[in-house]
Colleague: 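Just dropping this structure here.
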There are 2 protein chains.
Amino acid sequence: MGATDHEVLAAVLRIADGALQVLAWQRALEPDRGRWALPGGRLGADEDVETSVLRQLAEKVDLREVAHVEQLGVFSDPARVPGTRTVATAFLGLVPTDADPAVPADTAWRPLSARDTAFDHGLIVAAARDRLRAKLSYTNLGFAMAPREFTISALRELYVAALGHAVSATNLQRVLTRRGVLEPTGALAPPGPAGGRPAAVFRFTDRTLRVTDAFAVLKPPGEHGRGAVP
Amino acid sequence: MGATDHEVLAAVLRIADGALQVLAWQRALEPDRGRWALPGGRLGADEDVETSVLRQLAEKVDLREVAHVEQLGVFSDPARVPGTRTVATAFLGLVPTDADPAVPADTAWRPLSARDTAFDHGLIVAAARDRLRAKLSYTNLGFAMAPREFTISALRELYVAALGHAVSATNLQRVLTRRGVLEPTGALAPPGPAGGRPAAVFRFTDRTLRVTDAFAVLKPPGEHGRGAVP
DNA sequence: CCAAAAGTGTTGCGGATACACCCATGG
DNA sequence: CCATGGGTGTATCCGCAACACTTTTGG
């Protein structure tokens, strides 16, 4: 029984111009020449997949810009790539909207709707988007998309872009503050050219993943409307 | 850069005697001789990991007994097993409480609390238990632990065993029926020797995984208290 | 008639949404 | 003083949990 190769792949997402984008590079060689592939590469002998994906990303984008990375799963269809059998461990990565890391010449931020993806990488991007959407609603994952400090309306635009549906600024603010996810910095942002009341500036209280709405039902007795369990 | 081996491992759980059990086999050879390992094995050249885990399980337990299988993730610490570098894809499997499949002589159902697990398999079992607990509260995953037909109090005992805390039969019934997860068969179960009102018999409406409590908050506008989106 | 087990009615709480209303700024 | 954008107050809805109460059986 032959050994298989193992690669790690990262769907690194960010929001720009009101839409989700994914980091990809254009293949210069066959197979799938001209199509766009996710960053990644072979798993090294002395690293686990988490270490490996961080190492590989460091070659494409400054690691300090990546706010969050998590495993999505294994993609292992024997025909997923031509040539040597290769199993992939896929990751979701998130870069804040205000970070604009330098990327290599063959690499670009592309809309999620693009179809000319290499191999099965379109499946991985779809899984990444679904994971992001799900976790935005029951964790503090917004911290990984947002700048350090922001106004509620700016945050609202990020949630709209990520979730793909309307979000009320009023309720977004209330939900996130009630859960202790957001806190005001005390500063005010100057109004735009059209005027208007200056917006309060907020930040996320944590910048690591936290589940804020643990399980909806069947909580242990006595935990009535308590929400998260730390 | 050397190729790595790839194995699949399954933490197959069921409930017996009011507690969760995991299927494991006792190693007869070094390394980790005498310790208990999860069923699994090498990934074949012509199969993906999902196919592989089902094939490997068929050798330990009748496949028709396994009601649900899903991927947990990749375990890839370079030192996780001695010898050739081996990456594992771990799965959660569930067997209904009334199925009692024949298992090989070296294989047994063991309590989750057992410590004499081989390699990093204890980590995998813990991940499986956590996944089960989480999904019980926002999906219909109970179908994979329960018999075809059951009373609410029998189902309650399963939930207690899986979740590890008290569950009210009253609220369990209401939550699951409101969500359309359970339906009465119309039959009644005879009371026990001590008497009592005969219990209504229920079944799960679906026997495949369905998310019933999609996202707690930030629903699309107009979806007020609608819960799941099909 | 009593104990035991199952099931229903009812109350209260709290999170989430929606919407009306008030606030602060630029022109 | 008006348009614009930001923020708060408040009503309503609804799921869930808790608990009292009724129903149906065996002894």
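By convention in this document, chain letters (A, B, ...) are assigned in the order of the sequence lines, proteins followed by strands, and residues within each chain are numbered from 1.
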Colleague: For Leu176(A) and dT8(D), what is the distance between atoms CG and P respectively, to the nearest whole Å?
Modeller: 14 Å

Colleague: Does the dG26(C) base have a donor-acceptor partner in the side chain of Arg197(A) within less than 3.5 Å?
Modeller: no

Colleague: Could you state the atom-to-atom distance from CG of Leu188(B) to C1' of dA6(C) in whole Å?
Modeller: 10 Å

Colleague: In whole Å, what is the span from the CG atom of Leu172(A) to the P atom of dG5(D)?
Modeller: 19 Å

Colleague: Report the nucleotide, chosen from dC16(D), dC19(C), dA17(D), that has the shortest atom-to-atom distance to any side-chain atom of Asn171(B).
Modeller: dA17(D)

Colleague: Examine dG7(C): is either OP1 or OP2 under 4.0 Å from a nitrogen or oxygen in the side chain of Arg156(B)? Give yes or no.
Modeller: no

Colleague: Would you mind classifying the nucleic acid contact of Ala200(B) as base, sugar-phosphate or nothing, using non-hydrogen atoms under 4.0 angstrom?
Modeller: sugar-phosphate

Colleague: Figure out the CZ/C1' separation between Phe150(A) and dG5(D), and round it to whole Å.
Modeller: 18 Å

Colleague: Using atom CZ of Arg178(B) as one end and atom P of dG9(C) as the other, report the distance to the nearest whole Å.
Modeller: 14 Å

Colleague: Between Arg174(B) and dA17(D), is there a contact of a side-chain N or O with OP1 or OP2 at under 4.0 Å?
Modeller: no

Colleague: Between the main-chain N or O of Val201(B) and the side-chain N or O of Thr185(B), is there a donor-acceptor pair closer than 3.5 Å?
Modeller: yes

Colleague: Phosphate oxygens OP1/OP2 of dG6(D): is one of them under 4.0 Å from a side-chain N or O of Gln173(A)?
Modeller: no

Colleague: Touch check for Pro193(B), heavy atoms < 4.0 angstrom, all strands: base, sugar-phosphate only, or nothing?
Modeller: sugar-phosphate

Colleague: Closest nucleotide of DNA chain C for Ile152(B) versus for Gly196(A): which of these residues is on the 5' side?
Modeller: Ile152(B)

Colleague: Quickly work out the Leu136(A) CG to dA16(C) P distance and round it to whole Å.
Modeller: 15 Å

Colleague: Between Glu65(A) and Arg14(A), is a salt bridge (Lys or Arg N to Asp or Glu O under 4.0 Å) present by the stated rule, with each step listed?
Modeller: CA-CA 11 Å; Glu65(A) 315 267 28; Arg14(A) 76 162 185 188; over 6 Å; no

Colleague: Does Gln56(B) have any side chain to side chain donor-acceptor pair (under 3.5 Å) partners at least two apart in sequence or in another chain, and if so, which?
Modeller: Ser52(B)

Colleague: Does Phe75(A) have its ring centroid less than 6.0 Å away from the ring centroid of Phe119(A)?
Modeller: no

Colleague: Ignoring backbone atoms, test whether Ser153(B) places a side-chain nitrogen or oxygen under 4.0 Å from the OP1 or OP2 oxygen of dA6(C).
Modeller: yes

Colleague: Between Asn140(B) and Phe204(B), is there a donor-acceptor pair closer than 3.5 Å when you use the side chain of the first and the backbone of the second?
Modeller: no

Colleague: To the nearest Å, give me how far apart CZ (Arg179(A)) and C1' (dG15(C)) are.
Modeller: 9 Å

